[in-house]
Amino acid sequence: MQRKYLLSLFLSLFSVFLSAQTKKSNLTQLSFPELKELYWKNENKIPQQLPYANAYLHKAINENEPVERARAYFLLSLLTEGNKALVYLDSSITYTKNLADPKFPAFAYSAKGHVYKKQFKYKEAIDNFLIAENIARQNNQDLYYEIKFTIAALRSEELGEVDEALILYKECFEHYTNKDVRSSVYSYPYQLVLFGLADAYKALNISDSATYYNKKGYIESKATNSQLANALFTLNEGANLIFKKNFRAALDSINIALPKVISFKDKGNTLAAYYYTAKAYDGLNNKEKTVENFIKVDSVYTISKRITPEFMSGYPYLISYFKNKGDKVNQLKYLTKYMEIDSILQNNYKELTKKLQYEYDMPNLILEKENLIKSLQKDNSKSYWSIGFLILIVLAMAGFSFYQYKVKKSYRARFEKIMQNSVEKTEKIETETIQEQPDVLEANKSKTDSIGINENLINQILKKLDDFENTKGFLETNITIQTLSDVFETNNKYVSKIVNVYKEKTFIQYVNDLRIDYALTSLKEDFRLRKYTIQALAIEFGFNNAESFSAAFHKKTGIKPTYFLKQLEETKSIKD
């Protein structure tokens with residue numbers, strides 16, 4: 001009986017083994033397009049997709065097809081996460097790094113960027129996106145602009161560099177102007193670009209432009225039956241209506257979009273929908289509904305562990321709300337969560353966003369947290385805590401006053417330095433116009449040797465940059481390195497490298513610094529300009545809006561343009 005049982009078990013297992021081998025053999029007999037089609041037909045069903053990906057790999061190895069082998073590793077990487085996905089993608093790169101294939105290894109480098117982005121390793125993500133972009137530029141323009149869009153989205157959503165991202169979004173939009181944007185090839189990337197433009201304009205508070213691209217995206221998504229995209233454009237316009245203070249209409253749009261976003265299991269935009277619902281209710285002065293939706297934002301973050309600085313302001317609101325209610329348990333809960341996220345953001349980004357810095361100063365948060373913990377532990381010592389709280393208020397007020405004094409003192413010192421530098425710069429320019437200037441390449445011989453560009457070409461581009469500066473070409477709005485390179489009739493990589501080396505700046509920083517230098521001179525010399533609004537000044541000096549002008553001005557000078565104008569007027573009054 002035992003022998004019969006073992007024989008029966010062996011035959012059963014052997015038949016399963018043969019069945020598996022036959023199935024595997026049958027799959028490898030399919031063509032690569034057939035295997036790929038079956039793989040994507042089972043999207044989001046990893047157990048069903050895995051056999052097709054493995055069969056694809058075995059077939060590619062047996063037939064010695066390096067590009068197909070790379071694609072197999074790419075398909076396998078999509079079924080895994082983290083470091084395992086990176087290993088597959090590195091294999092994909094290895095087999096195609098010396099080939100001129102239109103998709104690989106650019107696809108693999110781009111995918112690596114997305115994996116690193118999920119791990120909050122933004123430096124590594126950007127490095128891989130840039131490699132992918134550079135490869136695609138040579139032989140796949142569509143992929144090149146898809147990767148450019150990815151870089152723009154990373155800069156806008158994760159790093160808060162909206163102005164820089166907007167330039168990239170516009171370049172992508174131009175690429176699709178002559179494409180069939182309702183075809184299966186272009187509809188999805190085109191709608192992503194429209195959303196990026198709308199979202200960037202919304203972030204910059206240029207509401208009319210945001211509405212324009214939201215409506216355009218809504219029409220396109222309807223025409224192509226892209227249900228999630230349609231919901232996202234509706235949601236984004238709802239958020240935009242909040243900036244217009246049309247809170248009722250904003251809620252209508254968000255409530256239409258939210259169920260669809262949830263049905264697609266899009267946690268990031270579900271969080272955004274709850275956040276903007278809370279902001280709309282806040283605008284309507286409905287505190288209970290505002291709190292309810294900010295708590296939902298926190299619940300989505302707790303599950304996904306992903307949040308961007310844009311959606312952080314709910315936590316100070318919750319902290320303040322529960323503080324006023326006397327609910328110390330919830331006050332401490334959301335204060336702790338806020339500090340936890342703040343710590344993560346500090347590790348992930350080079351610096352905190354201005355919004356976070358403005359709303360809550362970290363030392364005060366730590367003191368408040370410690371105070372709450374002690375208060376909860378010793379709630380019966382009310383008089384003791386009252387005295388401590390009063391002392392804390394006095395210390396905070398004293399610290400704030402001292403901080404304000406230091407800020408004013410440093411601002412004044414920076415203003416005086418700007419005025420002094422202006423005099424010295426004028427004297428230097430007058431001296432240089434009298435003396436004959438040596439060839440710029442002789443003074444920068446070491447730079448010329450290391451840059452890897454022909455000396456004559458460097459000299460030509462540097463002279464064109466001088467003309468660009470002297471003719472104030474930098475005052476044109478929406479100028480990019482590509483448009484300037486077209487004017488110079490040269491490659492944008494050459495212009496970028498020469499600006500980096502000889503001007504020792506990025507192209508955006510170079511243009512913005514020229515604009516701000518011109519603005520400083522003009523504002524000091526032309527009294528009429530001082531009567532302009534900041535928005536008008538921004539346009540006068542080549543910027544698209546007041547926010548980008550103020551940010552560039554502060555980055556260059558360390559003070560805000562409003563303060564500079566005020567000090568100029570005060571200086572004029574003293575002289576008069």
Fill in: Least distance between heavy atoms, Asp101 atom then Val67 atom
OD1-CG1, 3.6 Å
Discussion item. Tell me whether the NZ or CZ atom of Lys215 lies within the 45° cone about the ring axis of Phe233 and under 6.0 Å from its centre.
Written reply: no
Worksheet entry | Distance in Å, Ile498 CD1 paired with Leu457 CG, rounded so as to fall on 0.5 Å steps | 5.5 Å
Worksheet item: So does Glu220 pair up with Arg182, basic N to acidic O under 4.0 Å?
Response: yes
Practice prompt. Report the C-alpha separation of Asn512 and Phe553 in whole Å, then their side-chain angles, then the decisive distance to 0.1 Å, and conclude whether the side chain to side chain contact (heavy atoms under 4.5 Å, CB included) test is met.
Written response: CA-CA 8 Å; Asn512 282 349; Phe553 195 99; over 6 Å; no
Worksheet item: Taking Asn255 for the side chain and Leu251 for the main chain, is one N or O donor matched with an acceptor at less than 3.5 Å?
Response: yes
Item to complete: Establish, yes or no, whether a centroid distance under 6.0 Å links the rings of Tyr88 and Phe74.
Response: no
Worksheet item: Do Asn128 and Glu124 pass the side chain to side chain donor-acceptor pair (under 3.5 Å) test, and can you show the C-alpha distance, the side-chain angles, and the key distance before you say yes or no?
Response: CA-CA 6 Å; Asn128 280 276; Glu124 291 86 347; over 6 Å; no
Item to complete: Assess the side chains of Asp298 and Tyr315: does a donor N or O sit below 3.5 Å from an acceptor N or O?
Response: yes
Worksheet item: Do the side-chain N and O atoms of Ser77 and Lys112 include a donor-acceptor pair separated by under 3.5 angstrom?
Response: no
Worksheet entry | Residues His175, Tyr144; criterion ring-ring contact (aromatic ring centres under 6.0 Å, His included); working and verdict | CA-CA 10 Å; His175 172 68; Tyr144 169 69; 8.2 Å; no
Discussion item. Restricting to non-hydrogen atoms, name the atom on Tyr274 and the atom on Asn293 that form the minimum distance, rounded to 0.1 Å.
Written reply: O-CB, 3.5 Å
Item to complete: Establish, from distance only, whether the side-chain atoms of Lys244 and Thr211 form a donor-acceptor pair under 3.5 Å.
Response: yes
Worksheet entry | Salt bridge present between Lys464 and Asp467 (N-O < 4.0 angstrom) | no
Worksheet item: Out of curiosity, Leu79 CG to Ile46 CD1, how far, rounded to the nearest 0.5 Å?
Response: 5.5 Å
Worksheet item: Are the charged groups of Arg69 and Glu65 less than 4.0 angstrom apart, N to O?
Response: no
Worksheet entry | Test: Arg71 cationic atom under 6.0 Å from Phe104 six-membered ring centre, within 45° of axis | no
Practice prompt. Look at the side chain of Glu174 and the backbone N and O of Lys170, then say whether any donor-acceptor pair between them is shorter than 3.5 Å.
Written response: no
Fill in: For Leu30 against Leu38, the heavy-atom pair lying closest together
CD1-CD1, 3.7 Å
Worksheet item: Would you call Lys289 and Asp282 a salt bridge, taking side-chain N to carboxylate O under 4.0 Å as the test?
Response: no
Worksheet item: Does a side chain donor of either Gln49 or Asn42 reach within less than 3.5 Å of an acceptor in the other side chain?
Response: no
Item to complete: Compare every heavy atom of Ala100 with every heavy atom of Asn139, then report the nearest pair and how far apart it is.
Response: ND2-O, 3.5 Å
Worksheet item: Just checking, Lys305 and Tyr301: is the charged tip under 6.0 Å from the six-membered ring centre and within 45° of the axis?
Response: yes
Worksheet item: So does Lys148 pair up with Glu133, basic N to acidic O under 4.0 Å?
Response: yes
Item to complete: May I ask you to check whether Tyr186 and Asp142 show a side-chain donor-acceptor distance below 3.5 Å?
Response: yes
Discussion item. Quick one, Thr302 with Lys337, criterion side chain to side chain donor-acceptor pair (under 3.5 Å). Give me CA distance, side-chain angles, the key distance, then yes/no.
Written reply: CA-CA 9 Å; Thr302 302; Lys337 186 68 72 71; 3.2 Å; yes
Item to complete: Ignoring hydrogens and angles, state whether a donor on the side chain of Lys202 or Asn236 is under 3.5 Å from an acceptor on the partner side chain.
Response: yes
Worksheet entry | CD1 on Ile219 to NZ on Lys222, rounded to 0.5 Å | 11.5 Å
Practice prompt. Ignoring hydrogens and angles, state whether a donor on the side chain of Thr483 or Glu476 is under 3.5 Å from an acceptor on the partner side chain.
Written response: no
Practice prompt. Given side chain to side chain donor-acceptor pair (under 3.5 Å), test Asn230 with Ser221 step by step and report yes or no.
Written response: CA-CA 5 Å; Asn230 190 256; Ser221 59; 3.0 Å; yes
Worksheet entry | Smallest separation among heavy atoms of Ser110 and Ala132, with atom names | N-CB, 3.6 Å
Worksheet item: If you measure from CG on Leu192 to CG on Leu197, what distance do you get to the nearest 0.5 Å?
Response: 11.0 Å
Discussion item. Within this structure, what is the NZ-CD distance for the pair Lys216 and Gln191, rounded to the nearest 0.5 Å?
Written reply: 11.5 Å
Item to complete: Tell me yes or no: between the side chains of Glu547 and Ser550, is some donor less than 3.5 Å from an acceptor?
Response: no
Fill in: Considering all heavy atoms, the nearest Ala165-Ser156 contact
CB-CB, 3.6 Å
Worksheet entry | pair Phe149-Phe195: side-chain heavy atoms closer than 4.5 Å | no
Practice prompt. Apply side chain to side chain contact (heavy atoms under 4.5 Å, CB included) to the pair Asn545 and Asp163, showing each step before the final yes or no.
Written response: CA-CA 10 Å; Asn545 54 68; Asp163 284 310; 4.1 Å; yes
Worksheet item: Name the one of Tyr275, Phe294, Tyr338 that satisfies ring pair (Phe, Tyr, Trp, His ring centres under 6.0 Å) with Tyr317?
Response: Phe294
Worksheet item: Going from OH on Tyr213 to CG on Asn240, what distance comes out if it is rounded to the nearest 0.5 angstrom?
Response: 13.5 Å
Worksheet item: Are Tyr39 and Tyr56 close enough that their ring centers fall under 6.0 Å?
Response: no
Discussion item. Students often mix this up, so state it plainly: with edges at 30° and 60°, are the rings of Tyr276 and Phe311 parallel, tilted or perpendicular?
Written reply: perpendicular
